[in-house]
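When reading the values below, keep in mind they use all heavy atoms of this one structure, side chains included, and skip hydrogens, waters and symmetry mates. Position 1 is the first residue of the sequence, and the numbers go up from there.
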Amino acid sequence: MASNSTKSFLADAGYGEQELDANSALMELDKGLRSGKLGEQCEAVVRFPRLFQKYPFPILINSAFLKLADVFRVGNNFLRLCVLKVTQQSEKHLEKILNVDEFVKRIFSVIHSNDPVARAITLRMLGSLASIIPERKNAHHSIRQSLDSHDNVEVEAAVFAAANFSAQSKDFAVGICNKISEMIQGLATPVDLKLKLIPILQHMHHDAILASSARQLLQQLVTSYPSTKMVIVSLHTFTLLAASSLVDTPKQIQLLLQYLKNDPRKAVKRLAIQDLKLLASKTPHTWSRENIQALCECALQTPYDSLKLGMLSVLSTLSATIAIKHYFSIVPGNVGSSPRSSDLVKLAQECCYHNNRGIAAHGVRVLTNITVSCQEKDLLPLEQDAVFGLESLLVLCSQDDSPGAQATLKIALNCMVKLAKGRPHLSQSVVETLLTQLHSAQDAARILMCHCLAAIAMQLPVLGDGMLGDLMELYKVIGRSATDKQQELLVSLATVIFVASQKALSAEVKAVIKQQLESVSNGWTVYRIARQASRMGNHDMARELYQSLLTQVASEHFYFWLNSLKEFSHAEQCLTGLLEENYSSALSCIAESLKFYHKGIASLTAASTPLNPLSFQCEFVKLRIDLLQAFSQLICTCNSLKTSPPPAIATTIAMTLGNDLQRCGRISNQMKQSMEEFRSLASRYGDLYQASFDADSATLRNVELQQQSCLLISHAIEALILDPESASFQEYGSAGTAQADSEYERRMMSVYNHVLEEVESLNRKYTPVSYMHTACLCNAIIALLKVPLSFQRYFFQKLQSTSIKLALSPSPRNPAEPIAVQNNQQLALKVEGVVQHGSKPGLFRKIQSVCLNVSSTLQSKSGQDYKIPIDNMTNEMEQRVEPHNDYFSTQFLLNFAILGTHNITVESSVKDANGIVWKTGPRTTIFVKSLEDPYSQQIRLQQQQAQQPLQQQQQRNAYTRF
């Protein structure tokens, strides 16, 4: 029974079916709860979180929690403990409980038990429910009472509940603060209980007065109880309170630095460092120059490597923030220190060559951040120190396979990329160091170094050619074994080679790669390399690799997928033969490319499955096909000026119609159609962009570039031919100033700028349409197509997965059945939704709010037409809701005054943290049948019956006259 429900849920059935399956799954668990065997009852209880995950709608969750509350009320302590664990695991579903009063009532009845363990479990249960019952006075009272209990288990549970309620309720926090204070300061309270009570004070941040009194108490505790444990707990609570209340953060930084400097105990120093790091990452702007100076002095003086490492990690966190600029800034009345002479730089230089890898890594990171952030003239020695430190760290870590060495190497390589980007003149030496070290490094280190080289070459393509020789030599000698590291290294090296050889790959490079792949690689490695080739625009290489894989897959869906990729690569390869000024060969190249694209889209459609519909890929390729067809059509239109010149009477027609363009003949109308087609394609690319919420930024940028290509050509047609007088170039002129992140984007931007310059130079010089104009348009198309298309990551791989599931109520049992509503009443439509995530939620962007759009259309009328106000004829509403714990709910009031069947459509879209709206869907439809209300129907029948005798009398009179 349960397996059937799973299948239908995965098959994405309608909500009515899901509800049925959820009910059957709940009945199955309910059977277990009512079993006489304790084991079966416990098994049923612990299976509830999985049920909530699968069916996360309130109707089921409310019923399930009420059943669990019954088990809690009548079961033994072990069952209660199981219910407590289930409640804590399902914290995000608690707010979906509809009958909160009834649920809490059943739980709360156990608080009056004579068993202290039962009371303790109840208190922990109440504490876990604090988010939905923050202001329940009976719960507050029970917690206060239990804090005075003589049973340790019950007191600990009360402390747990008090902490949770303090975080949620201001009233409880204000009321319990004095009680906690008395207990902590009371001599009768054991020390271990005091240590558990102190962390409750971190939640006393609801207002300034409460936070101030909690700080005073903690200050007294730190001075009155100097034992190590007490100081550690008090200081940490102090820090968390300061981080939450924000007011006293500078004071807290000073206090922690004081303990770090003066307290001789290593445990206290470690705690101070840990808390300073927390404050450095949360509130770096509150760190003053004196704070950083004090930390540097402590680090320079300490003889312990572990403490030095901790302090340097705080400084490296601060060096990547605004705090570093504060440190080196010149304050009025205070001479700003030169970066070369400061203690921070001295410390970093001293640590760069430390025998502890972690210390050296943090020292190098501090130096790199200073070099990149502070753009002073006299930083040459610092730059050299940073480069030498990075080189020594690279040599040290690249020979070691241990996880610690790899983590340190990652830090060093990140610094190298940052340094190359911030100080481009240093990039050459950084690249040479990496290439030299690649030959002797371990495989794990080589992989990371290849990623670093690829990142630098993407930013600074001028360095690519210099890398190629060394990389090819290395590619020939690696890969003697088929281990996972070797396979990963083959992929990483191939990626760097593709990035380094910015234009087409030479025959020698292709031969070396293929030879190496044939000898040691497996199919997955070949596929990954082919994928990278497609991303970098090396389509001839990609086609050969996809071709070699076709016979190595076990599923026909995979076969069709690989075949479609092969055809797309072949299609793009056809476009590499385009020549400037040769328009007939351009038409034949585009026609050849379209032939392979049509084959590929058929194969891609066959590769899609219900669970993996490949919607982005299909739409992207369809748009590419339509774009190529539009380019081909535009070239034909330009050629028609030669093949079909305007007739002799064209000037007369133009004067008669008052349209000067008509003197050009039929080409003017064709150009207008072509411009509209390119604008339509641009809007379709915009729709694809908006539908790709889960795409990475490089893929979205790629879609945006395709859209800009369409807009560029439509603008060129308008500026050259249709409306040269009103064409403006200012809005397009800034397109090339943005920093390009890839070679593809760089080349496209270069083409855009060149085309715009050509169009601007021709604009208004010659009267349209001349051969100069058509040649300019054709050359623009050829220039755009000569840049090899990049198939970005989202085409192959989905790293983030986000979907929304909607449930409408009322909903019919059968989706085809309409819901009956009387025409004088309004329908209250409740829309509930759940946001479902994949393995990496919020990797690229997160949902800030969900926008729900409800509209209704009349499908078919029934009965007579009545005069109804226009407002009552349609429903068009929109609401924005913010999901909480991935759940949202809202209601709409809909009017159906016209009798007949109405179609209600609910469509959802999402808004991310940057305010961008994404059309993610889904779109749900239900039918409503509007019926005449009984009272109106009765009056109408009475009127009809009253009219009938009158009509009969009129007929008799007519007969009599006749």
**Study point:** Side-chain ion pair, D30 and R34, N-O less than 4.0 Å
**Key:** yes

Check your understanding: Hey, are the side chains of D886 and Q836 touching, using non-hydrogen atoms and a 4.5 Å cut-off?
Key -> no

Review point. Between E882 and S849, what is the shortest heavy-atom contact and its length?
Key: CG-CB, 3.9 Å

Practice item. Evaluate the side-chain proximity of K85 to C82: yes if any heavy-atom separation is below 4.5 Å, no if none is. Key: no

Check your understanding: So do the side chains of E832 and Y887 get within less than 4.5 Å of each other, counting heavy atoms only?
Key -> yes

Review point. Do F52 and F65 have their ring centres less than 6.0 Å from each other?
Key: yes

Check your understanding: Does the side chain of D694 come under 3.5 Å of the side chain of S801 through a donor N or O and an acceptor N or O?
Key -> no

Point to revise | Polar side-chain atom of R845 near backbone of F693 as donor-acceptor pair, under 3.5 Å | key: yes

Point to revise | Donor + acceptor pair across side chains of Q252, T239 (<3.5 Å) | key: yes

Check your understanding: Considering all heavy atoms of both residues, which atom of P199 and which atom of H203 are nearest to each other, and what is their separation?
Key -> O-CD2, 4.3 Å

Practice item. Compare every heavy atom of M204 with every heavy atom of S166, then report the nearest pair and how far apart it is. Key: OG-CE, 4.1 Å

Check your understanding: Is it the case that N885 and H93 place a side-chain donor and acceptor less than 3.5 Å from each other?
Key -> no

Point to revise | Presence of salt bridge, K67 and D70, under 4.0 angstrom | key: no

Check your understanding: Would the number of heavy atoms belonging to other residues, nucleotides or ligands and lying under 6.0 Å from CD of E91 be above 12?
Key -> no

Point to revise | Worked check of side chain to side chain contact (heavy atoms under 4.5 Å, CB included) between L852 and F888 | key: CA-CA 11 Å; L852 294 165; F888 58 89; 4.0 Å; yes

Review point. R923 side chain to T905 main-chain N or O, any donor-acceptor pair under 3.5 Å?
Key: no

Review point. Heavy-atom distance under 4.5 Å between the side chains of L271 and H236, does that happen here?
Key: yes

Check your understanding: Where is the tightest heavy-atom contact between G842 and K846, given as atom of each residue plus distance?
Key -> CA-CG, 3.6 Å

Exercise for review: Work out which heavy atom in P883 is nearest to a heavy atom in Q848; give both atom names and the distance.
Suggested key: CD-O, 3.8 Å

Practice item. Without swapping roles, check the side chain of S281 against the backbone of L278 for a donor-acceptor pair under 3.5 Å. Key: yes

Review point. Short question: side chain of K194, backbone of G186 - any donor-acceptor pair under 3.5 Å?
Key: yes

Check your understanding: With a cut-off of 6.0 Å (strictly less than), are more than 12 heavy atoms of other residues, nucleotides or ligands near NE2 of H150?
Key -> no

Study note, to complete from the structure: From the list E907, Q879, E878, side chain to side chain donor-acceptor pair (under 3.5 Å) partner of N853 resolves to E878

Point to revise | Which atom of R106 lies closest to which atom of A69, heavy atoms considered | key: CB-CB, 3.8 Å

Exercise for review: Give the intermediate values and the outcome of side chain to side chain contact (heavy atoms under 4.5 Å, CB included) for residues H141 and R144.
Suggested key: CA-CA 5 Å; H141 178 67; R144 290 177 71 93; 5.5 Å; no

Check your understanding: Given the rule in the side chain to side chain contact (heavy atoms under 4.5 Å, CB included) test, do Q41 and L38 qualify, once you have shown the distances and angles that lead to the verdict?
Key -> CA-CA 5 Å; Q41 284 180 302; L38 181 63; 4.0 Å; yes

